[in-house]
Amino acid sequence: MNGRSAPTERSAIGDFDLAGPLPTGMSVLEASAGTGKTYTLTALVARYIAEGRTESGQLLMMTFTRAAAAEMRDRTRSRLVEVRDALSG
């Protein structure tokens, strides 16, 4: 999956490694349907919060439909619960 920097810069940052260094600043994730965007975004949110890099109120995740937004919200909540349980247990 390829990531892109802020739209004003439009420079590709190459292949994205979910386990690699966390992106800083604004990032735009563009990919076709079924490529794992929601998985990647929820994993990034969990890492940012678990590593103490941000709080949930400082993140903005956008999608194009209400159904996709509901799915992303539910999957993000589930991922955060999994991470919380793993770290506390």
Side-chain angles (χ1 to χ4, degrees):
M1 206 174 300
N2 288 325
R4 289 193 168 240
S5 59
T8 55
E9 294 178 25
R10 287 292 191 207
S11 61
I13 56 174
D15 290 339
F16 178 74
D17 178 8
L18 189 55
L22 287 168
T24 59
M26 182 188 305
S27 295
V28 176
L29 179 65
E30 297 175 302
S32 300
T35 57
K37 292 180 299 298
T38 302
Y39 176 85
T40 300
L41 286 171
T42 58
L44 282 173
V45 166
R47 277 195 62 201
Y48 275 106
I49 294 171
E51 293 180 16
R53 300 271 305 267
T54 193
E55 296 179 9
S56 61
Q58 296 176 316
L59 296 170
L60 174 64
M61 296 168 37
M62 297 173 71
T63 190
F64 291 102
T65 66
R66 290 181 184 187
E71 178 186 358
M72 189 163 43
R73 182 175 46 251
D74 292 344
R75 289 176 64 183
T76 301
R77 270 194 200 114
S78 295
R79 177 64 62 103
L80 289 171
V81 168
E82 289 173 16
V83 170
R84 180 201 64 201
D85 293 347
L87 292 174
S88 66

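Note: hydrogens, waters and symmetry copies are ignored here, and every other heavy atom, side chains too, is used.
- Cluster note: L87 groups with V83 through ILVMFWY side-chain heavy atoms spaced under 4.5 Å, whether in direct contact or through intervening members.
- Legend: side chain to side chain donor-acceptor pair (under 3.5 Å) pairs involving residues 60-74, not counting sequence neighbours, sorted by first then second residue: E71-R75.
- Between A31 and T35, the closest heavy-atom pair is CB-OG1, 3.1 Å.
- Cluster partners of F64, using a side-chain heavy-atom cutoff of under 4.5 Å among ILVMFWY residues and allowing indirect links: none.
- The heavy-atom pair separating M61 from L41 by the smallest distance is CE-CB, 4.2 Å.
- Each of V81 and Y39 belongs to its own hydrophobic cluster when Ile, Leu, Val, Met, Phe, Trp and Tyr are linked at side-chain heavy-atom distances under 4.5 angstrom.
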With a cut-off of 3.5 Å and sequence neighbours excluded, list every side-chain donor-acceptor pair involving residues 46-56.
{"unit_1": "R47", "atom_1": "NE", "unit_2": "E51", "atom_2": "OE2", "d": "3.0"}
{"unit_1": "R47", "atom_1": "NH1", "unit_2": "L18", "atom_2": "O", "d": "2.7"}
{"unit_1": "R47", "atom_1": "NH1", "unit_2": "G20", "atom_2": "O", "d": "2.8"}
{"unit_1": "R47", "atom_1": "NH2", "unit_2": "G20", "atom_2": "O", "d": "3.2"}
{"unit_1": "R47", "atom_1": "NH2", "unit_2": "E51", "atom_2": "OE2", "d": "3.2"}
{"unit_1": "Y48", "atom_1": "OH", "unit_2": "P23", "atom_2": "O", "d": "2.2"}
{"unit_1": "T54", "atom_1": "OG1", "unit_2": "Q58", "atom_2": "OE1", "d": "2.7"}

